[in-house]
Novice: 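My questions all concern the structure below.
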Amino acid sequence: MATDETIFDHLKKEIPVDEESLLLNPDSSVGLVIVDVVNGFCTVGSGNMAPTKPNEQISKMVEESAMLAREFCDRKWPVFAFLDSHHPDVPEIPYPPHCIIGTQEAELVPALQWLESESCATLMRKDCINGFVGSMEKDGSNTFVDWVKEKQIKAVSFLSSV
C-alpha cells in the first residue's frame, strides 16, 4: 500500500492545482468535492459510526454542505461526492462494520439526496478511507482524476464528514 506522501505526490502530479487561486467567480474552473456526508456518519442512530444523539457540529456541516452544493449546481459547476460503501463480508479494520452497500447507512444524508438526480453531480462509492485510492479502477484509471480532467478543474473545494 502506498504511503500518504506517495498518494499526495501522485495526486499533485495527476491534478495540478494552483493553490493560490481560491477565488470563486463565474469564470472559475472550480469543483466541489463532498466526502462521506452519508447517513452512516452523519444521521443520528444510523449505524456503528453514526452519532448516537444530535450533534450541532455535524448538523451545521450537513447544512453548509447542502447549501454549498446547491449553489454549485445552480451555477452548473461540477460536484463530486464520495460515498463510503462497504461490502458486508469485507471489514475495514480497525473500524466496526459501517456504511454497508444496500443499506441507508451508505446513502447520502436526506439534505443531499437531491444530488442523485443532478446532472452536475458525480457520485462515487468507495470502499476505503481514502477517496483517491478508492477511485482507482482495475484498468489503472482513476475516476476522480478523470472527473477533474474532464471538467477542467483548476480549484477544488473539499467538504468532509470526517
Novice: Considering all heavy atoms of both residues, which atom of F82 and which atom of S135 are nearest to each other, and what is their separation?
Specialist: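 Reported closest heavy-atom pair: CE2-OG, 3.2 Å.
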Novice: Who are the side-chain contact (heavy atoms from CB on, under 4.5 Å) partners of P88, not counting sequence neighbours?
Specialist: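 Expected list: I100.
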Novice: Flag the pair V37 / M61 as yes when at least one side-chain heavy-atom distance between them is below 4.5 Å, and no otherwise.
Specialist: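 In short, these two side chains touch, coming nearer than 4.5 Å.
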Novice: Once side chain to side chain donor-acceptor pair (under 3.5 Å) is applied, do any residues pair with N142, and if so which ones, sequence neighbours excluded?
Specialist: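 So N142 forms no side chain to side chain donor-acceptor pair (under 3.5 Å) with any residue.
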Novice: What are the two closest non-hydrogen atoms of D36 and F41, and how far apart are they?
Specialist: O-CD1, 3.5 Å
Novice: Name all pairs fulfilling the salt bridge (Lys or Arg N to Asp or Glu O under 4.0 Å) condition that reach into residues 111-121, sequence neighbours left out, sorted by first residue then second.
Specialist: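 Residue pairs with at least one partner in residues 111-121: R70-E118.
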Novice: Could you tabulate the donor-acceptor pairs under 3.5 Å formed by side-chain atoms of residues 42-52, not counting sequence neighbours?
Specialist:
from : atom 1 : to  : atom 2 : distance (Å)
T43  : OG1    : N39 : OD1    : 2.6
S46  : OG     : T43 : O      : 3.2
N48  : ND2    : P97 : O      : 2.6

Novice: Side-chain contact test, heavy atoms from C-beta onward, threshold under 4.5 Å: evaluate it for V30 versus I153 and give yes or no.
Specialist: no
Novice: Between E105 and C99, is there a donor-acceptor pair closer than 3.5 Å when you use the side chain of the first and the backbone of the second?
Specialist: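 Pair found, side chain donor or acceptor close to backbone of C99.
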Novice: Could you tell me which residues satisfy side chain to side chain donor-acceptor pair (under 3.5 Å) with E107, sequence neighbours excluded, listed by chain and number?
Specialist: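 Once residues adjacent in sequence are excluded, the partners of E107 under the side chain to side chain donor-acceptor pair (under 3.5 Å) criterion are R125.
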Novice: Rounded to the nearest 0.5 Å, what separation is found between the CG atom of D146 and the NZ atom of K151?
Specialist: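 Atom-to-atom, D146:CG and K151:NZ are 11.5 Å apart.
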Novice: Nearest 0.5 Å, what's the CZ-SG distance between F80 and C120?
Specialist: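 Atom-to-atom, F80:CZ and C120:SG are 13.0 Å apart.
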Novice: Apply the side chain to side chain contact (heavy atoms under 4.5 Å, CB included) test between V109 and each candidate in I58, V62, V38; give the one that qualifies.
Specialist: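 Exactly one pass, corresponding to V62.
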Novice: Taking all heavy atoms of A106 and all of S85, pick out the closest pair and write down the distance.
Specialist: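 Answer, listing the atom of A106 first, then S85: CB-OG, 3.9 Å.
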Novice: Name all residues meeting the ring-ring contact (aromatic ring centres under 6.0 Å, His included) criterion together with H86; count only those two or more places apart in sequence or in a different chain, and write none if there are none.
Specialist: H98
Novice: Enter the distance from L108:CG to L83:CG here, rounded to the nearest 0.5 Å.
Specialist: 4.5 Å
Novice: Taking side chain to side chain donor-acceptor pair (under 3.5 Å) as the test, write out the residues that go with D139, two or more places apart.
Specialist: S141
Novice: Going by salt bridge (Lys or Arg N to Asp or Glu O under 4.0 Å), name the pairs with one or both residues in residues 76-87, residues two or more places apart or in two chains.
Specialist: D84-K126
Novice: Just jot down the side chain to side chain donor-acceptor pair (under 3.5 Å) partners of E137, sequence neighbours excluded, or say none.
Specialist: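 Testing E137 for side chain to side chain donor-acceptor pair (under 3.5 Å), a comparison that skips the adjacent residues, returns T143.
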Novice: If two hydrophobic side chains count as joined below 4.5 Å and joins carry through other members, does L123 share a cluster with W77?
Specialist: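 L123 and W77: one cluster.
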Novice: Which heavy-atom pair separates W147 from T122 by the least distance, and what is that distance?
Specialist: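 Here W147 and T122 meet closest at CD1-OG1, 3.6 Å.
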Novice: Only pairs at least two apart or in different chains count here, so list each salt bridge (Lys or Arg N to Asp or Glu O under 4.0 Å) that has a residue in residues 92-103.
Specialist: none
Novice: Residues in salt bridge (Lys or Arg N to Asp or Glu O under 4.0 Å) with K60, at least two apart?
Specialist: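 Partners of K60 by the salt bridge (Lys or Arg N to Asp or Glu O under 4.0 Å) criterion, ordered by chain and then number, come out as E64.
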Novice: Determine the minimum heavy-atom distance between V79 and C73, stating which atoms define it.
Specialist: CG2-SG, 4.0 Å
Novice: Would M67 and L115 show up in the same hydrophobic cluster when neighbours are defined by side-chain heavy atoms closer than 4.5 Å?
Specialist: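 M67 does not cluster with L115.
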Novice: Just jot down the side-chain contact (heavy atoms from CB on, under 4.5 Å) partners of V90, sequence neighbours excluded, or say none.
Specialist: H87
